[in-house]
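Below: the structure, in structure tokens.
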Protein chains: 2
Amino acid sequence: MSTSISELIAEKIDAMPASERRAAQTLIANYPLIGLRTVAEFSGQAGVSSPTILRFVSRLGFQSYPEFQSALQEELAAQVQSPWNRAATIQRPKDGATFPLMEAAIENIRETFQHLSAQQLGDVTDALSRNRARLYLLGGRFTDPIATYMAAHLKIVRSGVTHLAGQESHWRDQLIDMGKKDVLLVFDIRRYQDSLLRFAEKAQARGVEIVLVTDQWLSPIARFARHVIAGRTAVPSPWDSSAALFLIAETLIAEVTRKLEQSSADRIRDLEQLRDN
Amino acid sequence: MSTSISELIAEKIDAMPASERRAAQTLIANYPLIGLRTVAEFSGQAGVSSPTILRFVSRLGFQSYPEFQSALQEELAAQVQSPWNRAATIQRPKDGATFPLMEAAIENIRETFQHLSAQQLGDVTDALSRNRARLYLLGGRFTDPIATYMAAHLKIVRSGVTHLAGQESHWRDQLIDMGKKDVLLVFDIRRYQDSLLRFAEKAQARGVEIVLVTDQWLSPIARFARHVIAGRTAVPSPWDSSAALFLIAETLIAEVTRKLEQSSADRIRDLEQLRDN
DNA sequence: CATAAAATGTAACGTAAAGTACAGTTTGCC
DNA sequence: GGCAAACTGTACTTTACGTTACATTTTATG
């Protein structure tokens with residue numbers, strides 16, 4: 001519980017002797033600048049002696065004056081950096097060069113998650129958390145790195161995770177091991193790749209449960225998918241943005257990790273041990 | 001009219017020697033808190049010596065470190081006191097607990113781009129657009145997919161792009177071809193990888209211009225980097241989020257593409273033809 | 001490659017600032 | 001009005017911070 005310092009003062013000011021109260025009022029009146037100066041300056045401004053200032057900060061619960069100052073600084077920095085008054089800073093004309101691509105990407109992310117129900121997210125998480133089943137990840141030309149990223153994390157929290165990399169023929173050889181109860185997570189955005197479609201079709205034929213992460217126009221793989229998550233990708237750039245998909249991936253990683261909490265904690269510990277040796 | 005300190009830094013950073021630039025980058029990445037701490041803490045965080053910090057603030061035009069701190073404090077206090085922020089702070093638009101991870105990631109993205117000056121972005125874009133030079137991309141355990149993603153795009157718009165994949169020994173063999181005027185883009189976030197540091201050091205020794213994309217705590221590679229872009233990564237999840245770094249990558253891709261517009265357009269047409277055959 | 005110039009860190013210094021002991025002053029209470 | 005308790009300031013001590021001189025290393029230049 002981080003009560004702000006001004007709250008702290010308001011709370012204790014009534015229990016203070018006169019001089020310390022003067023210190024408190026001076027601080028409130030010049031909040032927070034005077035508190036960042038030296039004890040001498042503070043005491044001078046308040047018209048009390050230095051020890052009074054020290055007793056004052058001590059009464060607030062700080063062990064030393066520097067500690068009190070650090071608290072003030074952090075509070076200040078937190079206020080300035082917080083996003084909702086960040087907006088004020090951004091709109092300054094001098095700054096000007098706000099980043100259109102970034103703004104668009106954020107808008108995409110918001111919209112993407114707005115269309116994503118907790119239900120849907122839960123279903124997909126369940127599918128990806130089925131420890132007994134195998135989980136295969138696959139992506140397209142530009143989305144494969146996202147599949148790689150996801151696989152890198154999921155391999156840590158659970159077993160049976162395979163990233164289908166390299167040549168198409170190589171994926172196909174993996175089909176032999178894929179069956180009912182197994183899960184295939186595919187990323188596919190425009191221009192949709194035939195190779196992915198063909199593979200998804202075959203996987204579905206073998207009873208594999210397919211999760212598709214695609215763009216808002218939906219890859220044809222949607223036809224074979226049990227779950228479909230659609231993200232926005234349009235930005236003012238020659239290229240589409242996969243940032244929303246990336247965040248979808250991170251969200252799934254986090255959810256699966258949380259869901260497998262106990263078992264993954266053990267697993268992570270074992271992995272750390274292996275690494276140390 | 002008083003130019004803000006962050007503007008002041010952006011303006012002078014190019015005229016600074018390496019160590020002072022590191023100080024500047026550390027301050028920008030942790031703006032403004034680190035500047036309010038002691039010289040020793042600042043220097044420790046930046047990985048330089050105390051005198052370097054003092055020379056840095058001196059170069060910014062301040063007579064002494066306390067004077068610099070006072071300026072920071074006043075700037076901060078002014079921001080907090082402005083009526084705009086007062087209003088903004090009161091009504092938190094924090095809508096219900098939809099997707100905390102997404103909200104945090106968006107905040108991270110905003111903060112990351114807030115700390116990124118147009119100047120800096122332009123410098124990096126220039127480096128990545130130098131068609132005559134070779135461009136190498138490299139990432140860590142979880143960031144390598146971002147390097148891959150970037151390489152996949154950049155390979156389309158320009159030549160001489162290499163993604164350093166696979167084993168460390170394999171990267172090293174590439175060093176032989178790397179020299180002055182070549183550029184190395186490294187992604188490195190906590191836990192920072194020794195292998196990347198070693199490689200960056202060797203590359204720098206060969207005169208390679210290093211661009212580092214890291215987290216707000218700055219990878220030790222910052223020591224060898226000509227350009228440093230620091231992104232925020234903290235989210236309410238067992239894992240850090242690389243979404244901000246991903247968007248940095250997309251922004252760089254877009255900028256480079258725009259910069260190489262004519263030449264890349266030709267190149268893309270040629271590529272399309274090749275694919276059709 | 002030799003030389004000068006610039007940059008950087010080490011270590012020591014002086015000082016300003018926080019912190020403390022104690023005596024003086026005020027306040028409250030019988 | 002006398003006494004005790006709490007409060008406050010003066011004067012001093014101690015800490016630690018900013019600063020500087022200088023030696024070492026690195027970089028640029030002919």
Side-chain angles (χ1 to χ4, degrees), chain A residues 12-27 32-73, chain B residues 9 12-27 32-73 179-181 200-210 218 220-226 228:
Chain A
K12 301 205 170 182
I13 194 170
D14 289 324
M16 290 182 187
S19 288
E20 293 182 33
R21 192 172 304 159
R22 273 187 85 182
Q25 282 158 346
T26 306
L27 178 55
L33 248 187
I34 194 64
L36 297 173
R37 327 292 298 199
T38 67
V39 175
E41 285 185 81
F42 191 169
S43 67
Q45 179 87 22
V48 300
S49 68
S50 306
T52 298
I53 299 297
L54 296 178
R55 283 188 281 260
F56 162 66
V57 302
S58 162
R59 194 182 297 267
L60 291 180
F62 297 100
Q63 299 285 345
S64 71
Y65 192 71
E67 185 182 305
F68 160 73
Q69 288 189 316
S70 296
L72 267 183
Q73 285 166 12
Chain B
I9 295 169
K12 303 207 168 180
I13 194 167
D14 285 321
M16 290 182 188
S19 284
E20 292 181 35
R21 189 174 306 150
R22 263 186 97 189
Q25 281 155 349
T26 306
L27 178 56
L33 247 187
I34 195 65
L36 297 172
R37 324 295 296 201
T38 66
V39 174
E41 286 184 82
F42 191 167
S43 67
Q45 178 87 23
V48 301
S49 67
S50 305
T52 298
I53 299 297
L54 296 178
R55 285 187 280 259
F56 162 66
V57 303
S58 161
R59 194 181 299 264
L60 291 181
F62 298 98
Q63 298 287 345
S64 73
Y65 192 72
E67 184 182 308
F68 161 72
Q69 288 190 315
S70 296
L72 266 184
Q73 285 166 13
K180 286 193 214 306
K181 297 300 176 70
E201 183 172 12
K202 290 195 186 93
Q204 196 235 20
R206 296 184 65 87
V208 174
E209 182 170 341
I210 297 180
L218 299 194
I221 294 176
R223 164 178 229 106
F224 307 114
R226 176 73 182 73
V228 177

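The chains referred to below are lettered A, B, ... by the order of the sequence lines, with proteins before strands, and numbering in each begins at 1.
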Tell me: CZ of B:F62 to P of D:dT19, nearest whole Å? 13 Å
Whole Å only: how far is the CD atom of A:Q63 from the P atom of C:dT20? 11 Å
Among D:dT8, D:dT19, C:dA18, which nucleotide has an atom closest to any side-chain atom of A:A18? D:dT8
For A:E67 and A:F62, indicate whether the former's side chain and the latter's backbone hold a donor-acceptor pair under 3.5 Å. no
Rounded to whole angstroms, how far apart are CG on A:L36 and C1' on C:dA17? 16 Å
Does OP1 or OP2 of C:dG9 have a side-chain N or O of B:S50 closer than 4.0 Å? no
Integer-rounded Å distance: D:dT10 P and A:I53 CD1: 13 Å
When the distance from CZ of B:R223 to C1' of C:dT8 is rounded to whole Å, what number comes out? 10 Å
Would you call the rings of B:Y65 and B:F42 parallel, tilted or perpendicular, taking 30° and 60° as the class edges? tilted
Candidate nucleotides D:dC17, C:dT20, D:dT8, ranked by approach to the side chain of B:T38 - the nearest: D:dC17
Nearest to the B:S19 side chain among D:dG9, C:dG9, D:dT19, which nucleotide is it? C:dG9
Do A:P32 and B:Q73 come close enough that some side-chain heavy atom pair is under 4.5 Å? no
Specify the separation, in whole Å, of atom CZ of B:R22 and atom C1' of C:dT8. 12 Å
Hey, which sits more toward the 5' end of DNA chain D by its nearest nucleotide, A:R59 or A:P51? A:R59
So, the side chain of B:R22 versus the backbone of B:A46: is there a donor-acceptor pair under 3.5 Å, distance only? yes
I need the CZ-P distance between B:F42 and D:dT19, as an integer number of Å. 14 Å
Would you mind reading off the distance between A:L54 atom CG and D:dG9 atom P, rounded to a whole angstrom? 12 Å
For the side chain of B:V39, counting heavy atoms from C-beta on, which of C:dG19, D:dG18, C:dG9 is nearest? D:dG18
Specify the residue among B:E20 and A:E41 whose closest nucleotide of DNA chain C lies further upstream toward the 5′ end. B:E20
Would you state whether a donor and an acceptor, one from the side chain of A:R55 and one from the base of C:dG19, lie under 3.5 Å apart? no
So does A:T52 get a side-chain nitrogen or oxygen closer than 4.0 Å to the phosphate oxygens (OP1/OP2) of D:dC7? no
Quick note, B:S49 side chain, CB onward, closest among D:dT19, D:dA11, C:dG9 is C:dG9
Under 4.0 Å between a Lys/Arg side-chain N and an Asp/Glu carboxylate O for B:E209 and B:K181? no
